[in-house]
Amino acid sequence: MSTPPLSAAKVAKEELPSSESSAPPTQSNYPTGQLPDNELSDSTPRLVTVAFASTSEILKEYSGGERPSTPPTDTSNPRVFTRTNVSTVSSTHSLHTSDSVDVSSSQSESVMTSVIHSQSRDQIRKEIIQNYDFLIALIDAKKGNPEAQFYLGTMYDKGRGVKQDDAQALNWYRKAADQGHADAQCNLGFGYTVGFGVKRDQTQAVSWYHKAADQGHADAQFNLGLKYAHGKGVKRDYAQALIWYRKAADQGHAHAQIELGFMYAQGRAVKQDQTEAFKWYRKAAEQGHAGAQFNLGVMNEEGRGVKEDHALALDWYRKAAEQGHAGAQFNLGVMNEEGRGVKEDHALALDWYRKAAEQGDADAQCNLGWMYEEGQGVKQDYALALDWYRKAAAQGHAGAQFQMGKIYAYGKGVKRDYAQALDWYRKAAEQGDADAQFNLGFMYAQGRGVKQDQTEAFKWYRKAAEHGDANAQFQMGKMYAKGKGVEANDVEAFNWYFKAAGNDSRGAKLKLASHYQQGLGVKKDVLQATYWWLRSVVQEQNREIFLDGSNVAEDFYSDVI
């Protein structure tokens, strides 16, 4: 009788296609953090501070997202980058001037003393600066200064010195954009992309990105590349995407460099060239881009565009992992578990899996469950195994769903429950998991957790067999041979046994020997019978082979030797 297979679902993450992701709107180059003696004018020095951070939607390798220009941002957790209001002052905390409020020295002292009791002097100064910044920007903006208009937009955007207001932010971005302010045009495009302060409109987003990109704005060029790559607001055109990515990449834009590398890796609108892909990934990686560092790890591990080097792969994975890249953490777990480029260390593998799993990485959650189930690098704990499998399974992870089915089928740490096992096997099987398809077929064939149904068993065995599963191919041969769930057919039985034998199924090799010996579905051929019998014996290194209770080895030895 066949038994359900076990599967650990262990595989290192691969590079995945890029996709759009979001980034928060940005700040301007308008001067802040000082109390000027007079109003800012066009001659006031501008502080250009543009930097980027990763988003919460980075995929397994890395997928960039639309980026407006932005000042330095806390990137301690590059996978989490959400819009936040950093207002430290409400709309009621406005700056009082001598000509608007007449306050005596004694009154002033009492008010200040009260404030100091609730706020530190640094907080007070910060609040004053923010209020002053807002007032100065408002004065300049109303005079038509595009820098001030853009900066005012960022203040409303972030709720800095004023109550956060998306609509007002977009209003001021638009005023600056209409005067040709590239940063404002880029942010306006982003507003239309994500729908903050305005209804989403990808066509409008493309239009504004184009205006900024044509001025050489690297962020807009990158964002425009994304639009063409994904066909949002414009017809998908990889050639155009490549052009815009390259323009931004040549300016040192790390996100554009990784997307350009991906285009070369996949051969999109350009001849596939892993060496060129490696070059662009490296440029981004050397800027500290975790996604690019991860991709270099993959390429070094698999020898894509560079000589295979597990030690270098580990180094790049580690750089990315230390920045919180879940894919790199997962791959470090795999490499430490399997001893690739490093001494096998299950405890360290467990640590890396846990780091990725705690970020919600379903692959890591599944493998962490397997470590607890098998007691690898940690004390065996079926309850924790089930917990981690369940987390991954809830995300639709087919491997974890299969493992859940196995846990219930064998009663590991839980009461054996074939109905639950059947349900989890079905979830995984419907996603195309061959192991689950085989086990589902087995459950129907044996009537476990469901009424016995050979036709349904045949259906699921076939699905698994078509995925190349040797056990399923062997079962297909048996069902055709015995007419279970399908009309008996010796030719079909022989063909399936032949496929299974090609996938190293010992049972199938013995069945082929039997078919050749008896001429079932194939012309009788004693030499072929001997060949397949010997292949099965050599595989097991044992002449005492039993199949369905009969000593086939001795029968063949007397018949053909």
Side-chain angles (χ1 to χ4, degrees), residues 1-13 310 314 317-318 321 326-429 431 433-440 442-443 446 448-449 464 469-471:
M1 179 184 295
S2 174
T3 57
L6 305 182
S7 170
K10 293 242 176 23
V11 59
K13 291 184 185 298
H310 287 179
L314 280 165
Y317 284 148
R318 197 171 286 112
Q329 292 167 342
F330 174 84
N331 279 11
L332 279 174
V334 172
M335 294 189 80
N336 278 281
E337 184 185 355
E338 300 182 355
R340 296 187 202 169
V342 67
K343 184 178 179 181
E344 189 175 299
D345 188 333
H346 290 172
L348 188 56
L350 186 90
D351 286 343
W352 284 115
Y353 284 148
R354 190 185 304 282
K355 289 179 187 293
E358 287 173 349
Q359 292 195 64
D361 188 285
D363 291 324
Q365 290 169 341
C366 182
N367 281 14
L368 191 57
W370 188 88
M371 300 286 277
Y372 275 111
E373 181 184 352
E374 299 298 319
Q376 296 286 338
V378 69
K379 184 179 179 180
Q380 191 174 55
D381 189 325
Y382 290 133
L384 278 175
L386 189 67
D387 183 53
W388 284 110
Y389 284 147
R390 196 180 300 279
K391 289 178 188 293
Q395 296 191 60
H397 191 285
Q401 292 168 342
F402 169 80
Q403 296 297 117
M404 289 284 289
K406 190 189 69 176
I407 288 280
Y408 281 106
Y410 288 98
K412 290 187 174 184
V414 295
K415 184 178 179 181
R416 177 173 282 177
D417 187 333
Y418 287 132
Q420 278 269 37
L422 187 87
D423 183 53
W424 284 111
Y425 284 149
R426 189 184 304 281
K427 290 179 187 293
Q431 292 194 64
D433 186 286
D435 289 335
Q437 289 168 340
F438 174 82
N439 282 15
L440 193 56
F442 179 84
M443 300 284 276
Q446 300 298 315
R448 294 187 182 178
D469 187 284
N471 288 328

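Position 1 is the first residue of the sequence, and the numbers go up from there.
Between Ala364 and Ala357 the shortest heavy-atom distance is CB-N, 3.6 Å. Contact detail for Ala385 and Gly369: the closest heavy-atom pair is CB-O, 3.2 Å. Contact between Cys366 and Gly399 at its shortest, heavy atoms only, is SG-C, 3.9 Å. Taking each heavy atom of Trp370 and Tyr389 in turn, the nearest pair found is CA-OH, 3.0 Å. For the pair Met443 and Leu422, the tightest heavy-atom approach, listed with the atom from each and the gap, is CB-CD1, 3.6 Å. Heavy atoms only, all atoms of each residue included: Ala400 and Ala393 are closest at CB-N, 3.6 Å.
Note that the CG atom of Leu440 and the CZ atom of Phe402 stand 11.5 Å from one another [nearest 0.5 Å]. Summarising the geometry, atom CG belonging to Asp351 is positioned 11.5 Å from atom CG belonging to Leu332; distances are rounded to the nearest 0.5 Å. Taking CG of Leu384 as the start and NZ of Lys379 as the end, the distance is 11.0 Å to the nearest 0.5 Å. Separating the CD atom in Gln376 from the CD atom in Gln380 is a distance of 9.5 Å, to the nearest 0.5 Å. Once rounded to the nearest 0.5 Å, the distance linking CG of Asn471 with CZ of Phe438 reads 4.5 Å. The distance from atom CG of Asp361 to atom NZ of Lys355, rounded to the nearest 0.5 Å, is 14.0 Å.
Applying the side-chain hydrogen bond (donor to acceptor under 3.5 Å, both in side chains) criterion to Glu358, with sequence neighbours excluded, gives no partner residue.
Looking at Asp363 and His397, their side chains come closer than 4.5 Å, going by heavy atoms from C-beta outward. At a threshold of 4.5 Å between non-hydrogen side-chain atoms, the residues Leu386 and Tyr408 count as touching. Within the 4.5 Å cutoff, the side chain of Tyr372 has heavy atoms near those of the Val378 side chain. In this structure the side chain of Trp424 never reaches within 4.5 angstrom of the side chain of Lys406, judged on heavy atoms. For the pair Glu373/Ile407, a side-chain contact is recorded, criterion being any heavy-atom separation below 4.5 Å from C-beta on. At least one side-chain heavy atom of Met371 sits less than 4.5 Å from a side-chain heavy atom of Glu337.
Of the residues Arg354, Lys391, Gln359, Gln395, the one that meets the side-chain hydrogen bond (donor to acceptor under 3.5 Å, both in side chains) test with Gln365 is Gln395.
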